[in-house]
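Worksheet: one structure, shown below.
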Amino acid sequence: MLSIRLVVDPAVGDTLVLPVRPTEGPVQPADGATQPADGATQPAEGPVHSAGEAAGTLVPTWLDLPAELTAEATALLPYLDQPGAAGAVHRSIRPLLTPTRLLLAGVGDGDEAGWRSAGAGVARAAAHESSITIAMPVDADPAVVRGLAEGLWLASYRFRMAASDDGPAGPPALAEVLLAVADPEPYRAALDTARAVAESTRFARDLTNTPSSRKTPAWFADQVVAAAAGHAGLTVDVREPDRLTAEGFGGILAVGGGSAQEPRLVELSWQPADARTHVVLVGKGITFDTGGISIKPRDAMKLMRKDMGGAAAVIAATVGAAALGLPVRVTALAPLAENMASGSAYRPGDVVRHYGGLTSESTNTDAEGRLVLADALAYAVDRLEPDLLIDLATLTGANSVALGKRTAALYSDNDELADAVLAAAGAAGERAWRMPLPVDYTEYLGSEIADLYSAPTQGAGSVVAALYLREFTGDLRDRWLHLDMSAPSWADGNDGELVKGATGWGVRTLLRWLATQPG
Ligand code: BES
Ligand code: MN
Ligand code: ZN
C-alpha cells in the first residue's frame, strides 16, 4: 500500500497537485493572475471557458507557492474540461521547470465524497510517478483527509499474479504521497481511520479476486486465522466437517458435499472489554458457484469466484473493527463451501435439514447461498445472543436486474436499523437501496414436503431470497438486516475508487455503521 504522510512545508518535488473547485458565478481574474489572451501562443480554439464563464477556482492551500506557479495554474483554469468536477484531473508537463508535473484536481463540493473522487483521480493520473505532493486547503476538515486518503489507497489497489509487470495494469509505481498541511495534528486520526478502512477493503478485494483453485474453504479459513493473529482481541474458531455434522449444519454440508474441497464454518470474534452491544455479521462464502447439478451456463459461471464477497466483507470489517479499536463486540460468521456438480453433490429436490431443525426442499441447487446462510443465521440466533444481526451475500442475479451494477438491495423490518445502514453506506460512498419484504409473498416459500422451498419461481428473486432468510432469524427477526450485494461486489472497469474486479463492497459501509454503535 502506498505511503501517505502529513508534512509541514515540504519542498515542491517532481509532481505537485493543486485542488480546484467549480466556480460559481462569473470568473474574476485572481490577483496577479493573467487570463489567457488571444494571440499566436494560444491554441486555435482559445480557452474552453472564457472569462465570465465557470472555469474553476484554485482552492487556497497551505503550500507557499512561487507567484509564477500560482499564475500559471490560474492561467490553466479556463482550459479545464470539467472545471473543478470531483475526480477530474488535468495534468500538465513542464520540462525544465519545478515541479515537472502540475496536476489540477477537481474536488467538487470540497466535501469528503468530492475529495475521495479527487484521490481516486490523482491515483490514476499519477500512477506512473513515484512521489507526489498534494497541497491541502487552509480550512480543510479532517474528513477531507479521510476522503482523499481512501480515494488514493482504494484506486491504487492492484491484484496481480503475473510474473511480469507488463500488461494493461502496468507496473505499480506511485509509492509516496505527501499531504502539505500547516499542522498535521488535527488530521492524524482521520488518516489512521482511512488507513484501517482501506486496508480492510483491500483485504476483502484480495480474498475475492483470488482464483478458486487456490481459494478453497480451508485456504480462506487459513487467511482469517492469519489476519486475526495480527490483532490482540481477535479470536477465530474454524469448524471442520466432523463438527458441522455433529452440530447439524446440514445446509453447509449439503452444498459443500459435491466438492473435493471440504466446507468450513469460520467464526471470528472481536471482543473489546466492557462492550455492551453485540453485532453478528454473517457473510455468504461460496468459494466457487458452478450452480451444482442445476449447472450454470458458461457466461453466468465465469466470475463465480466472487461468490464469497459477503464472507470477505464481514471478515475484513471485523478485522477493521479491531484495527480501529471500536468499542462494540463483533462476531463474523463465514459459512464456506464450494458448489460443485459431482457424484457426491446434492440434488434438485433433496430436502436439507438446517441447524436448528428447519428443512428446505432444494428445488434448484444453484440457490445454494441461502442454504449455507440459513445454518449460520439459525446458529447465531441460537448461540451468540446478538443484539443486531446483519448478513451480506452475493445472493441473486436479480439484484442487478432491479438496481443495476452499483447498488445493493437492503432488506429489514427495522426502520431505525435500515436508516442507519443506508446513512452509513451513503457516507462511505457505497450505494444501497431499501427493498420491501411483502408479507403475502411468503406463501411462495411453501413446500409440500419441507418447511420451505429454497428457490420459488414466482419472480422478485432478490425479495423472495430475503424472505427465505428471514425465516431463520427467530427472535432476531426485527433486529435483522440483509444486504444482497451481488451487483456491487464486482466492477467491470475502473470507476472512481473502484478498480476493475472485486470492490470489497460492504467493508466501508459496515465500518461506518459499526463506528456509530455504542460500546
Ligand atoms: N451466486 C449466485 C447469484 C449471483 C448471480 C451473484 C450473478 C452474482 C452475480 C446465486 O447463488 C444464484 O445462483 N442465484 C440464483 C437463484 C435462483 C436459482 C433462485 C439466481 O440468481 O439466478
Ligand atoms: Mn448459485
Ligand atoms: Zn451463489
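Order of appearance sets the numbers: ligands from 1, and atoms from 1 within every ligand. Please read these numbers as outputs of a predicted model, since none were measured by experiment.
- For K296, a nitrogen or oxygen atom sits less than 3.5 Å from a nitrogen or oxygen atom of ligand 1, counting backbone and side chain alike.
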S360 vs S362, side-chain hydrogen bond (donor to acceptor under 3.5 Å, both in side chains): CA-CA, chis, key distance, verdict: CA-CA 6 Å; S360 295; S362 150; over 6 Å; no

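- Atoms of ligand 1 lying under 4.0 Å from any heavy atom of K306, numbered from 1 in the order shown and given with element: 8 (C), 9 (C).
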Stepwise side-chain hydrogen bond (donor to acceptor under 3.5 Å, both in side chains) check, T331 with H278: CA-CA 8 Å; T331 304; H278 184 198; 2.7 Å; yes

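- For the pair R370 and E471, the salt-bridge criterion is not met [side-chain N within less than 4.0 Å of a carboxylate O].
- Distance from atom 12 (C) of ligand 1 to its nearest protein heavy atom, with residue and atom name: D366 O, 3.2 Å.
- Under a 4.0 Å criterion applied to the non-hydrogen atoms of E368, ligand 1 contributes the atoms 11 (O).
- Comment: D415 engages R434 in a salt bridge, judged by a side-chain N to carboxylate O separation of less than 4.0 angstrom.
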side-chain hydrogen bond (donor to acceptor under 3.5 Å, both in side chains) between E267 and Y379, worked out: CA-CA 11 Å; E267 183 171 340; Y379 166 76; 2.6 Å; yes

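- Of all protein heavy atoms, the one closest to atom 18 (C) of ligand 1 is N364 ND2, 3.3 Å.
- The number of protein N/O/S atoms found under 2.8 Å from the Mn ion (ligand 2) is 4.
- Using a cutoff of 4.0 Å between basic side-chain nitrogens and carboxylate oxygens, R205 and E199 are not scored as salt-bridged.
- For the Zn ion (ligand 3), the neighbouring protein N/O/S atoms at less than 2.8 Å, given as residue and atom, are K284 NZ, D289 OD2, D307 OD2, E368 OE2.
- The residues D492 and K500 are annotated as not salt-bridged, no charged nitrogen and carboxylate oxygen being separated by less than 4.0 angstrom.
- A donor-acceptor pair under 3.5 Å links the side-chain atoms of W270 to the main chain of L326, judged by distance alone.
- Near S486, the atoms of ligand 1 lying under 4.0 angstrom from a non-hydrogen atom of the residue are 6 (C), 8 (C).
- Residues R508 and L511 are not in side-chain contact: their nearest non-hydrogen atoms beyond the backbone lie 4.5 Å or more apart.
- Distance from atom 21 (O) of ligand 1 to its nearest protein heavy atom, with residue and atom name: G397 N, 2.8 Å.
- Checking side-chain atoms of D495 against main-chain N and O of L498 turns up no donor-acceptor pair under 3.5 Å.
- Checked against L371 for a side-chain contact (heavy atoms from CB on, under 4.5 Å), the options V255, L253, I252 give a single hit: V255.
- Remark: R477 does not engage D475 in a salt bridge, criterion side-chain N to carboxylate O under 4.0 Å.
- Nearest non-hydrogen protein atom to atom 2 (C) of ligand 1 is D289 OD2, 3.6 Å.
- Annotation: atom 16 (C) of ligand 1 to nearest protein heavy atom, R370 NH2, 3.7 Å.
- Ranking the protein heavy atoms by distance from atom 7 (C) of ligand 1 puts M304 CE, 3.6 Å first.
- Contacts between M485 and ligand 1, counted as non-hydrogen atom pairs separated by less than 4.0 Å, are absent for every part of the residue.
- Panel note: side chain K284, backbone G310; no donor-acceptor pair is recorded below 3.5 Å.
- Using a cutoff of 4.0 Å between basic side-chain nitrogens and carboxylate oxygens, R264 and D222 are not scored as salt-bridged.
- The part of K284 lying near ligand 1 is the side chain, judged by heavy-atom distances below 4.0 Å.
- For ligand 1, the polar-atom distance check against D307 finds a nitrogen or oxygen pair separated by under 3.5 Å.
- Of all the heavy atoms of L395, the ones lying under 4.0 Å from any atom of ligand 1 belong exclusively to the backbone.
- Between the side chains of T396 and D484, at least one donor N or O lies within less than 3.5 Å of an accepting N or O.
- The existence of a salt bridge linking R239 and E247 is confirmed by a sub-4.0 Å separation between a basic side-chain nitrogen and an acidic carboxylate oxygen.
- Aromatic ring centroids of Y453 and Y444 lie 6.0 Å or more apart.
- For T396, no nitrogen or oxygen atom sits less than 3.5 Å from a nitrogen or oxygen atom of ligand 1, counting backbone and side chain alike.
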